Amino acid sequence: MLNAECPMPLRLGPQGLHKAFRITRSAFCLKRKKMELSKNYIPNEIEAKWYTHWLDKDYFSSKPDGREPYTVVIPPPNVTGVLHMGHCLNNTIQDILVRRARMHGKNACWVPGTDHASIATEAKVVHMLRERGITKSSLSRDEFLQYAWEWKEKYGGIILQQLKKIGCSLDWERTSFTMDPDYYESVIKVFVSLYEEGLIYRGKRMINWDVKALTALSDEEVIRKETQQKLYHLQYRLENADGSDTAEHVTIATVRPETIMGDTAICVHPNDERYKHIHGKFAIVPLINRRIPIITDEYVAMDFGTGALKVTPAHDMNDNQLGQKHGLEVVDIFNDDGTLNSAAEIYVGLDRFEARKKIVVQLEAEGYLVKTEDYTSEVGYSERTDAVVEPRLSLQWWVDMKKLSGPALDAVMNEEINFHPAKFKNLYRHWMENIKDWCISRQLWWGHRIPAYYAPDGSFAVAVSKDDALKQLQSSNSSLQSHDIRQDDDCLDTWFSSWLWPFEVFKGLSDPGNAEVEYYYPTNTLVTAPEIIFFWVARMIMAGKKFMGEKPFNDVYFTGIVRDKQGRKMSKSLGNSPDLLALIDQYGADAVRFGIMIASPAGNDILFDESSLEQGRNFNNKLWNALKLIKMWEGRQAETTPNPKQQTTNFAIEWFENRLNLVKSEVNEMMVQFRLSEALKTIYSLIWDDFCSWYLEWIKPGFEQPIDAAVYQKTLVYFEELMELLHPFMPFISEEIYHLLQDRKDDLCVKQMAALQSFDGSILEAGELLKQVISALRDARNKNQIKPKDPIKLHIQATAEESYRSIENILLKQVNAESIFYTAETVPNTIVVAVEKDKFFIETERQLDTATLQAELLKDLEHQKKFLETVLKKLGNERFVQNAKNEVIELERKKQADAEARIKTILESLQNLGE
RNA sequence: GGGAGCAUAGCUCAGCUGGUUUAGAGCAUCUGCCUUACAAGCAGAGGGUCCGCGGUUCGAACCCGUGUGCUCCCACCA
């Protein structure tokens, strides 16, 4: 395996990598002077060299000017993040769009940055402190934050450095962070203004509680997973209203027996015949003997479990609603960390799942457990800590989403913002139409602290500063002093800052109307994963509309989710996520970019397979070898002389030039439609098939022969143009080849692409015909076991002889013919090959295997006859002839003529064989 | 329970507005080549009930209906 040693350490701090690039580059330049082109392409040094060069030249930095901007803001990765496949896909796509825009005269601006990721970062810091023997609870808020910033400065943002390895052309001077001072200020401003408008409120509601992170979670942060559980059937003794024993029982089914101490009712369906006789009675909660009422509600499903439901308003979303409806008592039996509190009366201090085990044992021992069933249902887990989420009643801050969602929904539905692929519009609409209020408070220290200030009497004020808050509070209590009031301890949900990202990176809120935001906003394209369409995309649209009065972007490109070969999502816990940096070292960044792009149309999940990286590496190598071939000709140019071979090479040039123009238009069209992988495929095939396999072979001079100087110069131009097309996708090798082809002072990275040119269809057709002829003749050689080295004599019976005379040279070497003759008659004892209306007779020394040939011909004849039949049937159909478009009918006539000609040839050939 | 999407070669996928479709590409397979750019390569080949069924149409991989299978999203049946 070719695994060149990495010239630089893999993981470096923020400054290290750039430095490493510089050192490598100078070493490389020294070596370069006497360097021959290596056998295979070796990417590592070349990639480091060019990235440094581009940075030195400041190509990625953007300032407002007279050009049209092309703006992309990076979806800010977590500051704790490490580059993985998803990032690689996402950022490669952005880089392709940005580089292409840069080469098309736009002022391309791609803004990098990171997200403070409150839960993830706080968890990392807590972990780091624990290793040093420090507990969070022993620290003051300020002390903790000091450690957190220390951690952020030291380890945070590694991912941004890693993006350089894959070639991302980000404007590094614009690197933003969601907790930069200006940004922080804007987040607070937004909170205050939404509060003043009545769109933010404080309320006690059921929330999703993360018992590990000790914080509330928004609905979107809860992952529901199918979980194997047990459904326990528990018997509750019944009492009459007067307290006398009925000697009856009611059996309920529950998956959470540890919550029975929080039960405050048992509920049955009012129409359930089985339970009508117990309406109005009371049940006794086992183990703790609390007396609770039997209530009725249509909410209960009669056909599930036993049809009787225990109601625990403190620990279940539905039970809470039932509780409110029926005025039930709320008994909260859990502490913050998921252990039982004194309200539980028993097993106090024990973890909820430990308590469950013990309670089940006790219930069974005391005869309350009548049945246990296996049961699978969806359980909520914290996205960040994977703890089972505990529904909990709690006082939190909320955003009223109803008013914000309207304009954001419209913007997408009326295509002011375009989704690619459009299918995500439905998903978006569904969510927006059923939107719920957003819980934005988090019980964390790392993040934007909620700007609410409390007076000792519990009243509070929301303001951008403590002083402002004090003034507000003093209006009702003039004796209040600054030291009397206390700021809310909680932080805001991370998304409450990232929803401002597309404009706040240009200080759209902290410095309203500044020249930058006026120029760059709204941004052009957002590239992101469909997973965060609600978390982020929807909220950015709301924020853009609300705070800037304008959409945040024109287009949203949704990538697929990168999965492993078995279709599983890549995740840390599965360990199926490959080490991206190791892959880059092994295959090269261009190959990785190629591999991940070649099979990933917008919105389709991609099954990651290393073989596509191999394909990318092989493509690099192909390019490298084409370069070597052309470089061999550099010193062997001959002045143009009028000789018969001239015409041949003219044809090749003319054909490729037209082909290039055609493909350029095609690629352009695909790029406009965001069909990136198709565009890459098209370029790949243009280079490998048309340029290398056909064009270069057609113009290739004989062994140690000179090449026509004009042809050579044209070839350089074509190769450069191919590199131009390829550059956005594979920036490193294309830049390298651009410079190795000729001594260029400019750089491909900022080269402006020429306007599209028209192409001549008839030349392209002639080229296709030539390819067909060559392939057919080669196939005939193969089938007749003519060794590649054995030359043939070729007889051509053509409708237009001249067209072959002008390309004789190409034909001679492509099919290894020693001579070409033209004939009007069938040539006996030859292999006959028909292409369109022309016939080719291969004369060879070799004994022909007539039996095999005959069998082949008969098979073909059969096929052609069948085909002709279907065509004739179609043409015989009056309604077809009446209704179909003229071109379609013409085409069918052509098919008919071709098939008939072909059948005739086959018959002649069979006759020829018989002789 | 509600919604969305997908089903094309052994595998991964293209196939945009129904007609250049006699359905393509890469990988894998087979045959022949170490031809002085490239064996990480070259020249070829084989391989398909376009998930089943029904319909619309002169014409369907494509549109409609239906069945089956898979995936994802949303939702409070303990």
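The figures that follow rest on heavy atoms only: side chains count, while hydrogens, waters and symmetry mates do not. Note that the coordinates shown come from a computational prediction; the quantities given were computed from them, not determined experimentally. Quick note on labels: first sequence line is chain A, next is B, and so on, each numbered from 1.
- At the phosphate of B/rU22, OP1 or OP2 sits under 4.0 Å from a side-chain N or O atom of A/Lys895.
- Aromatic pair A/Phe534/A/Trp431: centroids less than 6.0 angstrom apart.
- In this structure, A/Lys789 does not reach the B/rC42 phosphate: none of its side-chain N or O atoms is under 4.0 Å from OP1 or OP2.
- Under the 30°/60° scheme for interplanar angles, the aromatic rings of A/Phe594 and A/Phe619 are found to be tilted.
- One finds no side-chain N or O of A/Lys622 lying less than 4.0 angstrom from the OP1 or OP2 phosphate oxygen of B/rA37.
- In terms of phosphate contacts, A/Lys700 brings a side-chain nitrogen or oxygen within less than 4.0 Å of OP1 or OP2 of B/rA37.
- Each of A/Trp694 and A/Asn621 lies near RNA chain B, and the nucleotide nearest A/Asn621 is the one positioned closer to the 5' end.
- Heavy atoms of A/Lys631 sit nowhere under 4.0 angstrom from any nucleic acid atom.
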Report summary line: 5' to 3', nucleotides 73-78 of chain B under a 4.0 Å protein heavy-atom cut-off (B base, S sugar-phosphate only, - none) gives S-BBBB
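- A/Asn877 has no side-chain polar atom (N or O) that falls below the 4.0 Å cut-off from OP1 or OP2 of B/rG59.
- Taking atom P on both B/rC53 and B/rC13, the two are 25 Å apart, rounded to the nearest angstrom.
- B/rA61 and B/rG46 have their C1' atoms separated by 23 Å, with the value rounded to a whole Å.
- If you check B/rA37, B/rA43, B/rG19 against the side chain of A/Phe880, the one that comes closest is B/rG19.
- For A/Gln882, the CD atom is densely surrounded, since the number of other residues' heavy atoms within 6.0 Å is greater than 12.
- In this structure, the side chain of A/Lys371 does not engage the main chain of A/Tyr232 through any donor-acceptor pair within 3.5 Å.
- A/His269 and A/Asp297 share no side-chain donor-acceptor pair at under 3.5 Å.
- Whole-Å rounding puts the A/Leu875 CG to B/rC58 P distance at 17 Å.
- Ion pair A/Glu258/A/Arg256 flagged as a salt bridge, since at least one NZ, NE, NH1 or NH2 atom sits closer than 4.0 Å to an Asp/Glu carboxylate oxygen.
- Applying ring-ring contact (aromatic ring centres under 6.0 Å, His included) to A/Phe424 and the options A/Phe419, A/Tyr557, A/Phe558 leaves one that passes, A/Phe558.
- Nucleotide B/rA37 holds its P atom 15 Å from the CZ atom of A/Phe691, rounded to whole Å.
- To the nearest angstrom, P of B/rA45 lies 14 Å from CG of A/Asn784.
- Closest to the A/Arg675 side chain, of the nucleotides B/rC16, B/rA14, B/rA40, is B/rC16.
- For the pair A/Ile786 CD1 and B/rC33 P, the interatomic distance rounds to 14 Å; values are reported in whole Å.
- As rounded to the nearest Å, B/rG47 and B/rA28 have C1' atoms that lie 11 Å from one another.
- Comparing B/rG26 with B/rG52, their P atoms are spaced 26 Å from each other, to the whole Å.
- Checking the phosphate oxygens (OP1, OP2) of B/rC42, a side-chain nitrogen or oxygen of A/Trp688 falls inside 4.0 Å.
- Rounded to a whole angstrom, the distance from the P atom of B/rA4 to that of B/rG67 is 15 Å.
- Between the CG atom of A/Asn883 and the C1' atom of B/rG18 there is a distance of 14 Å, rounded to whole Å.
- Contact annotation: side chain of A/Arg778 to base of B/rA43, donor-acceptor pair absent below 3.5 Å.
- In this structure B/rG46 sits in no base pair that meets the Watson-Crick or G-U test at under 3.5 Å.
- Comparing B/rC27, B/rA43, B/rC38 by their nearest atom to the side chain of A/Lys39 picks out B/rC38.
- Along RNA chain B, the nucleotide closest to A/Asp779 and the one closest to A/Glu765 are compared, and the more 5′ of them pairs with A/Glu765.
- Paired with A/Cys267 under the rule side-chain contact (heavy atoms from CB on, under 4.5 Å), one option of A/Ile294, A/Leu328, A/Val311 passes, and it is A/Val311.
- Between the side chains of A/Glu669 and A/Gln673, a donor-acceptor pair is found at a separation under 3.5 Å.
- The residue A/Ser693 sits close only to the backbone: its heavy atoms come under 4.0 Å of sugar-phosphate atoms, none of a base.
- Contact annotation: A/Ser775 reaches the phosphate of B/rG44 (side-chain N/O to OP1 or OP2, under 4.0 Å).
- At whole-Å resolution of the value, CG in A/Asn625 and P in B/rC34 are 19 Å apart.
- Taking the P atoms as reference points, B/rA60 lies 15 Å from B/rC51, given to the whole Å.
- Counting atom types as modelled, A/Gln814 pairs no side-chain N or O with a base atom of B/rA43 as donor and acceptor under 3.5 Å.
- Within the 4.0 Å cut-off from OP1 or OP2 of B/rC72, not a single side-chain nitrogen or oxygen of A/Lys423 is found.
- As the counterpart of B/rG52, B/rU66 is assigned, both hydrogen-bonding distances of the Watson-Crick or G-U wobble pattern falling under 3.5 Å.
- Remark: P of B/rG3 and CZ of A/Arg429 are 12 Å apart, rounded to the nearest angstrom.
- Atom CG in A/Asp860 sits about 11 Å away from atom P in B/rG46, given to the nearest Å.
- In the set B/rC16, B/rG41, B/rG26, the nucleotide with an atom closest to the side chain of A/Gln673 is B/rC16.
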